[in-house]
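First listed ligand is number 1; within each ligand, the first listed atom is number 1. The basis for the numbers below is simple: all heavy atoms, side chains too, and nothing from hydrogens, waters or symmetry mates.
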Amino acid sequence: MTFPDVAINLVKPKDPVEVRIVSTEIATAAPSPNFIRHITFDVSGTPLEGNIRAGQSVGILAPGTDANGKPHALRLYSVASPTGGEHGDGKIYSTTVKRVIDEHWETQELFTGVASNHFCSLKAGSTVRMTGPSGKRFLLPEHPEQYNYVFFATGTGVAPFRGMLLDLEALGMPTDTVLVFGCAYRSDFLYADLFGRIELGHPNFRYLKAVSREALRGDGSKPYVQTLIEDEAALLQPILRRENTLIYVCGLKGMEDGIYRMLDKHGIGGYFERGERGIKPTDRMLVETY
Ligand code: FAD
Ligand code: A2P
């Protein structure tokens with residue numbers, strides 16, 4: 001499998017571009033304990049214009065300094081748009097941002113992540129400092145019509161798959177493709193209308209959901225994206241067993257481990273190998289977790 005040549009680091013942190021926010025909307029399907037936004041931004045006139053592929057990320061620089069008095073480090077956000085952007089002309093792209101909010105584990109104060117809260121608080125018309133694009137492997141392959149796809153996403157990990165699925169739809173959804181999306185509550189479905197619409201128009205695309213905190217599985221375990229390999233075995237396993245199927249995983253750090261275990265349990269090979277340093281994915285499994 002080969003990947004297309006892509007541009008990376010056209011805009012570097014030392015010299016970021018100011019990009020205008022075009023729109024910002026709540027992205028969850030219903031009122032939710034999570035604050036997640038679909039944010040679109042305009043890169044026209046910058047080196048990013050026409051140069052971002054589905055699967056790549058952009059960097060955001062929040063204003064201000066960290067605890068050591070240094071400018072805040074860059075944070076990456078996956079582009080949620082197809083390769084030509086939201087309108088095909090390479091100018092407007094989008095991302096899916098979750099506010100990081102928690103109780104501080106030492107001080108007990110409210111902990112708010114720097115860049116995600118800065119980005120989510122920006123209004124349409126304001127600007128954000130951006131770098132990128134970044135990432136040269138978490139992409140659709142050079143000849144996308146030669147592969148089937150199983151995309152596993154938790155939460156905002158669905159962002160790159162929105163873009164890739166729109167790219168595949170533009171090609172007529174040529175092969176069997178499944179999106180397996182995991183979240184805590186049904187309120188947190190992201191882009192469900194879009195994926196439902198693609199599914200209606202293309203019977204070879206299926207959209208599966210694993211909701212972890214509403215009902216347990218028969219054995220008492222939580223529904224997670226990987227448990228659907230078992231619970232939707234008739235749909236997923238024949239696709240996963242084909243030699244020209246690729247798995248993409250995006251979302252929670254470490255989520256790939258559960259997928260390895262479930263593939264192993266069902267004797268589905270080809271996606272990972274065991275080496276001296278533990279398990280590592282083969283080139284048929286692409287992982288981007290954070
Ligand atoms: P920070 O200020 O960086 O705070 C987070 C850090 O604070 C954590 O790493 C942890 O060390 C610490 N921390 C966390 N909780 C607590 C607590 N309770 N008490 C004390 N300390 C704590 N995010 C998205 O929302 N959407 C995306 O599409 C997306 N894509 C990504 C793509 C890539 C390739 C990568 C690497 C990351 C991506 N992320 C995405 C994550 C994003 O880059 C940021 O890491 C995330 O938004 C948090 O940044 P922040 O500045 O808001 O939080
Ligand atoms: P839970 O937190 O109920 O254990 P979000 O990013 O919106 O929080 O969603 C993350 C989803 O991924 C939640 O449903 C969460 O379940 C689930 N999850 C947590 N740990 C894993 C894991 N190791 N593998 C797969 N999914 C996980």
Closest protein heavy atom (residue, atom, distance) for atom 9 (O) of ligand 2: Cys183 CA, 3.9 Å
Shortest protein contact, atom 13 (C) of ligand 2 (heavy atom only): Ser212 OG, 3.7 Å
Arg217 and Asp219 ion-paired at < 4.0 Å: yes
Structural part of Thr112 in contact with ligand 1, heavy atom criterion under 4.0 angstrom: neither
Verify atom 53 (O) of ligand 1: protein non-hydrogen atom under 4.0 angstrom away: yes
Sidechain N-carboxylate O distance under 4.0 Å for Asp264, Arg274: yes
Part of Val100 with heavy atoms under 4.0 Å of ligand 1, whether side chain, backbone, both or neither: side chain
Under 3.5 Å: N/O of Asp188 near N/O of ligand 2: no
Arg206/Glu232 salt bridge by N-O under 4.0 Å criterion: no
Per-atom contacts, ligand 1 versus Glu103 - under 4.0 Å to a heavy atom: 17 (C), 18 (N), 19 (N)
Nearest protein heavy atom with distance in Å, relative to atom 5 (P) of ligand 2: Lys98 NZ, 4.0 Å
Geometric N/O contact Thr156 with ligand 2, under 3.5 angstrom: no
Ring geometry between Trp105 and Phe111 (parallel below 30°, tilted from 30 to 60°, perpendicular above 60°): parallel
Ala184 N/O to ligand 2 N/O under 3.5 Å: yes
Value rounded to 0.5 Å, distance of CZ in Arg20 from CE in Met130: 12.5 Å
Shortest non-hydrogen contact from Thr131 toward Pro16: CG2-CB, 4.1 Å
Closest protein heavy atom (residue, atom, distance) for atom 2 (O) of ligand 2: Arg213 NH2, 2.7 Å
Output field: ring centroids Tyr248/Phe138 closer than 6.0 Å: yes
Atom 25 (C) of ligand 2 [closest protein heavy-atom partner, distance rounded to 0.1 Å]: Gln226 OE1, 3.3 Å
Check: Thr175 side chain, Tyr147 main-chain N or O, donor-acceptor pair, under 3.5 Å: yes
Atoms of ligand 1, numbered as shown, that sit under 4.0 Å from any heavy atom of Val97: 25 (O)
Protein contact of atom 21 (C) of ligand 2 - nearest heavy atom, named by residue and atom, plus distance: Tyr224 CE1, 3.6 Å
Least distance between heavy atoms, Thr96 atom then Ala80 atom: OG1-CB, 3.7 Å
Shortest heavy-atom approach to atom 19 (N) of ligand 1 - which of Tyr290, Trp105, Tyr77: Trp105
Short N or O distance, Thr154 and ligand 2, threshold 3.5 Å exclusive: no
Top protein contact for atom 6 (O) of ligand 2, by heavy-atom distance: Gly155 CA, 3.7 Å
Salt-bridge contact Arg284-Glu273 (side-chain N to carboxylate O under 4.0 Å): no
Residue portion contacting ligand 2 (non-hydrogen atoms closer than 4.0 Å) for Leu252: side chain
Side chains of Cys120 and Phe35 in contact at under 4.5 Å (non-hydrogen atoms): no
